[in-house]
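In what follows, a structure is listed as structure tokens, so that the remarks can point back to it.
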Amino acid sequence: MTISFIGLGKLGLCSAACFASRGLKVIGVDNNEEHISKLQSGQCPIEETGLSELLEKSVDNMGFTTDYTKAIAESDVTLIIVPTPSKPDGAFSNAYLEAVLQELGPALKEKDGFHIIDIVSTVMPGSCDTVFRPLLEGLSGKTCGKDFGLVYNPEFIALGSVIRDFLNPDMVLIGASDEYSGDIVRDLYASMVESAPQYAVMNLINAEIAKLSLNCFVTMKISFANELAALCGATPGADVDTVTSALGADSRIGPKYLKGGLGFGGPCFPRDNRAMQHYAASKGFDLRLSPAVTQVNDDVVDRLFATITRLVTQPGPVTLLGLAYKPGTHIVEESPAVILAHRLAEAGYALRLHDPLAVKLPSQELAELGQLCETPYHAAEGARFVALMTQWPEYAVLDWPRLEQAAGPEPWLMDCWRIARAALFHRFSYLALGLGTKDSGGA
Ligand SMILES: NC(=O)c1ccc[n+]([C@@H]2O[C@H](COP(=O)([O-])OP(=O)(O)OC[C@H]3O[C@@H](n4cnc5c(N)ncnc54)[C@H](O)[C@@H]3O)[C@@H](O)[C@H]2O)c1
């Protein structure tokens, strides 16, 4: 079987390489010509763990083009993984997907035989039945479910571990216009994955709702743990790690995403919550949990800001160690660290910032926020307050005496993930989210 991919970005290129590495023939299409010529000349245009090695290994099974017609004519299934950016009202835009379908529709018309169009991009519930199906039927003159199949097959990968997650899913979600298309896509995944996932095959609307619900549920768990961390922080003797390790041991709950620390950020979780709220409102339904999850997430940054401005009354240098929304990525989109940095900068604090990846290719936004430093020790120089923000493994093995030596007079250390809890400090006054010490005051 040959499969084609439209959109070779962070998710699309990794997925294409995974299928090709298992022996399937893959045609990759992107409208970014520079991106395609890099791929054609054997370069890897995306930073993702293990991707360049996988591309090298799979090169014989992959071809790259900007020609959509070829993708339809020479393949059996076309997976579409283009952006679906959030609109100001929180809904996802289908504009990129519709542009791709406008290209694919005429090619579908010309094709003899059954072809499956598989939408992988995250979409608003209802998009497949009310937008994509009529659009494709109109352009091709064919009937969905009879002459071609429409599938919604979103992924649950995390940046930094896209390939590992893609090869080892717990569950493969497949919404399909017809039984045959659902079976073909299920078999496609079965030939590729290394784990033994559950295949959740259903109709299109259920799959669209399931995709959003899953991410909203995970963020609900994160916010629960973060609220618990705040409560433990306000309770002398309490320790959120001890409490959550008991909770996580219960099989009804499980330990993942129950750490208690900074809130969630990145390109998916915050926007999926907003999209769910928008979708519910469009159905005249007032969701209660999802807005509360977002509020609890915002509260974490509010409390950190209040703690810093309470303890460092003369705006002096504040150091943030870690800017990415999670370890293993340079992405700072909706990162709690960057949201906090904006608030501190607006309040007049001079910021010294470090991140193992994000400062290497800094955006204009980061460069304007504060001084970007090459090492954590450099970042801590003269600081009145140092906050360990992103849970990078590098920070767990910092030379603590060197860090506190670099800091300014009477410095504070805020440890959002309790990675330095065993260290002995001589100069730092130590605070940690989730540990109920006298000074934490529920920080
Ligand atoms: N990255 C993630 O962590 C993640 C996780 C789950 C779901 N998703 C979803 O996957 C989708 C894609 O995300 P991404 O992170 O891979 O995006 P991305 O921006 O990294 O990549 C998108 C790619 O699509 C290409 N593209 C845009 N318009 C095109 C067109 N008309 N024809 C051909 N190619 C086109 C772009 O050039 C780019 O290479 C989004 O809906 C996103 O919500 C992403």
Side-chain angles (χ1 to χ4, degrees), residues 4-18 27-39 43-49 51 64-72 78-87 90-105 107 117-125 127-128 131-132 135 152-166 169 171-173 207-208 210-216 218-219 264-276 324-326 328-335:
S4 49
F5 282 80
I6 316 281
L8 301 172
K10 296 184 284 296
L11 178 53
L13 187 58
C14 291
S15 323
C18 285
I27 302 170
V29 182
D30 201 287
N31 64 351
N32 181 335
E33 289 180 11
E34 196 188 323
H35 201 68
I36 289 293
S37 33
K38 275 191 183 162
L39 285 164
Q43 296 173 56
C44 177
I46 303 261
E47 270 287 333
E48 180 57 45
T49 315
L51 178 59
F64 302 102
T65 176
T66 52
D67 182 354
Y68 300 90
T69 310
K70 181 178 158 80
I72 294 281
T78 300
L79 291 92
I80 311 178
I81 318 182
V82 294
T84 45
S86 297
K87 298 192 278 190
F92 304 136
S93 161
N94 284 332
Y96 288 82
L97 279 167
E98 288 181 54
V100 170
L101 296 183
Q102 288 287 352
E103 300 281 350
L104 299 188
I117 303 284
D118 181 349
I119 310 276
V120 181
S121 304
T122 309
V123 301
M124 293 304 288
S127 298
C128 286
V131 182
F132 308 144
L135 183 60
Y152 179 58
N153 165 221
E155 291 301 334
F156 298 97
I157 52 85
L159 292 175
S161 58
V162 175
I163 291 170
R164 194 189 61 211
D165 297 349
F166 196 72
M171 182 268 296
V172 177
L173 179 59
E208 289 167 330
K211 160 66 182 173
L212 278 191
S213 317
L214 194 144
N215 279 358
C216 288
V218 172
T219 55
F264 55 84
C268 291
F269 281 162
R271 82 185 196 114
D272 285 0
N273 258 290
R274 290 192 290 268
M276 189 62 142
Y325 78 97
K326 64 171 191 176
T329 177
H330 64 280
I331 293 175
V332 297
E333 196 177 333
E334 301 211 35
S335 154

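For ligands, and for the atoms within them, numbers begin at 1 and follow the listed sequence.
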Note to self: Suppose I only count heavy atoms of Y68 and a 4.0 Å limit; which atoms of ligand 1 are within that range?
What the structure shows: 30 (C), 31 (N), 32 (N), 33 (C)

Note to self: Less than 4.0 Å from atom 13 (O) of ligand 1, is there any heavy atom belonging to the protein?
What the structure shows: no

Check: Which of the atoms of ligand 1 are close to I157, meaning less than 4.0 Å from one of its heavy atoms?
Finding: 2 (C), 3 (O), 4 (C), 5 (C)

Next item on the list: Could you tell me the residue and atom name of the protein heavy atom closest to atom 9 (C) of ligand 1, and the distance to it rounded to 0.1 Å?
Entry: T122 OG1, 3.6 Å

Notebook entry, point to check: Can a non-hydrogen atom of F92 be found less than 4.0 Å from any atom of ligand 1?
Noted result: no

Notebook entry, point to check: Nearest non-hydrogen atom to atom 3 (O) of ligand 1 belongs to which of D272, L104, L159?
Noted result: L159

Checklist line | Protein contact to atom 17 (O) of ligand 1 [nearest heavy atom, distance to 0.1 Å] | finding: K10 NZ, 4.1 Å

Check: Which is closest to atom 40 (C) of ligand 1 by heavy-atom distance: T66, V82, V100, N215?
Finding: V82

Check: So is there a nitrogen or oxygen of E155 less than 3.5 Å from a nitrogen or oxygen in ligand 1?
Finding: no

Check: Just checking, any donor-acceptor pair under 3.5 angstrom between side chains of T122 and T84?
Finding: no

Notebook entry, point to check: Within the side chain of N153, is there an N or O that forms a donor-acceptor pair under 3.5 Å with the backbone of L173?
Noted result: yes

Check: Near R271, which atoms of ligand 1 are under 4.0 Å from a heavy atom of that residue?
Finding: 42 (C), 43 (O)

Item checked: Close side-chain approach of I117 to L101, heavy-atom, < 4.5 Å -> yes

Note to self: I'd like to know whether CD of E47 has more than 12 heavy-atom contacts from other residues, nucleotides or ligands below 6.0 angstrom.
What the structure shows: no

Note to self: Do I46 and H35 have side chains that approach each other closer than 4.5 Å (heavy atoms only, starting at C-beta)?
What the structure shows: yes

Margin query: Please find the pair of heavy atoms, one from L11 and one from I157, that lie closest to each other, and give the distance.
Written below: CD1-CG1, 3.5 Å

Next item on the list: Indicate yes or no: does E333 engage R271 in a salt bridge with an N to O separation below 4.0 Å.
Entry: no

Next item on the list: Could you tell me whether a side-chain N or O of K10 sits under 3.5 Å from a main-chain N or O of E48, the two making a donor and an acceptor?
Entry: no

Margin query: Under 4.0 Å, heavy-atom basis, I'd like to know which part of I6 is in contact with ligand 1: side chain, backbone, both or neither.
Written below: side chain

Notebook entry, point to check: Considering only the protein, which heavy-atom contact is closest to atom 38 (C) of ligand 1, and what is its distance?
Noted result: D30 OD2, 3.5 Å

Note to self: Just to be sure I read this right, does ligand 1 sit under 4.0 Å from the backbone of P267, its side chain, both, or neither, counting only heavy atoms?
What the structure shows: neither

Item checked: Proximity winner for atom 27 (C) of ligand 1, if only heavy atoms of S161, G7, P83 are counted -> P83

Checklist line | ligand 1 contact on L8 by region, counting heavy-atom pairs under 4.0 Å | finding: backbone

Next item on the list: Output the list of atoms in ligand 1 that are nearer than 4.0 Å to some heavy atom of G9, sorted by atom number.
Entry: 16 (O), 20 (O), 21 (O), 23 (C), 39 (O)

Note to self: Measuring from atom CD of E98 to atom CD of E103, what distance do you get when rounded to the nearest 0.5 angstrom?
What the structure shows: 13.0 Å

Next item on the list: Compare all side-chain heavy atoms of F92 with those of P85 and state whether any distance is below 4.5 angstrom.
Entry: no

Item checked: Atom indices of ligand 1, in the order listed, that fall short of 4.0 Å to a heavy atom of L11 -> 7 (C), 8 (N), 10 (O), 16 (O), 44 (C)

Check: So which heavy atom in the protein is nearest atom 26 (N) of ligand 1, and how far is it from that ligand atom?
Finding: N31 OD1, 3.5 Å

Note to self: Can you confirm whether Y96 is buried at OH, in the sense that more than 12 heavy atoms of other residues, nucleotides or ligands lie under 6.0 Å from that atom?
What the structure shows: no

Margin query: Taking 4.0 angstrom as the limit and counting only heavy atoms of Y96, give me the atoms of ligand 1 inside it, by number and element.
Written below: 27 (C), 28 (N)

Note to self: Is it the case that atom CZ in R274 sees more than 12 heavy atoms from other parts of the structure closer than 6.0 Å?
What the structure shows: yes

Margin query: Can you report which non-hydrogen protein atom sits closest to atom 41 (O) of ligand 1, along with the distance?
Written below: T84 OG1, 2.6 Å

